Amino acid sequence: EGDPVAGRPEEFAPRVGPRTAIAGSGADAVAAVLAGGSAARVVHRHAAADVAALLRLARSAPLASGPPRPLYLRPPDAKPQVAARIARR
């Protein structure tokens with residue numbers, strides 16, 4: 001629970017409870033770090049969600065007050081190239 005964060009699998013292990021479902025491209029890495037008796041389960045292993053699963057979530061969600069907004073958990077890898085910039089006309 002709490003705000004979304006990005007981190008190493010070791011940082012997530014203490015947050016995983018007995019009824020936690022783990023999903024995403026790092027799910028197996030988090031599961032491997034967990035103590036042997038954890039009842040947490042990996043429910044999805046891919047980097048991108050299944051479209052049908054997203055549709056089910058969208059249908060059960062309350063009506064949005066606006067368009068969806070992206071949630072970035074880390075800064076972008078691309079950096080502006082100020083020195084190679086082309087002047088605008």
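Side-chain atoms are counted along with the backbone in the values below, which use heavy atoms only and exclude waters and symmetry mates. No experiment lies behind these values; they were computed from the predicted model shown.
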Could you tell me which residues satisfy side chain to side chain contact (heavy atoms under 4.5 Å, CB included) with [X], sequence neighbours excluded, listed by chain and number?
X     : value
Ala52 : Asp50, Arg56
Ala29 : Pro9
Leu73 : Pro4, Ala6, Leu71

Applying salt bridge (charged side-chain N to carboxylate O under 4.0 Å, His left out) as the test, list every pair that has at least one member in residues 62-81; sequence neighbours left out.
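Applying salt bridge (charged side-chain N to carboxylate O under 4.0 Å, His left out) to every pair that reaches into residues 62-81, excluding sequence neighbours, yields Arg74-Asp77.
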Mind checking who shares a hydrophobic cluster with Leu63, ILVMFWY linked at side-chain heavy-atom distances under 4.5 Å?
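None; Leu63 is a cluster of one.
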Partner set under salt bridge (Lys or Arg N to Asp or Glu O under 4.0 Å) for Arg8, not counting sequence neighbours:
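Checked Arg8 against salt bridge (Lys or Arg N to Asp or Glu O under 4.0 Å); matches are Glu10, Glu11.
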From Ile22 atom CD1 to Phe12 atom CZ, the distance as rounded to the nearest 0.5 Å:
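Rounded to the nearest 0.5 Å, the CD1-CZ separation comes to 10.5 Å.
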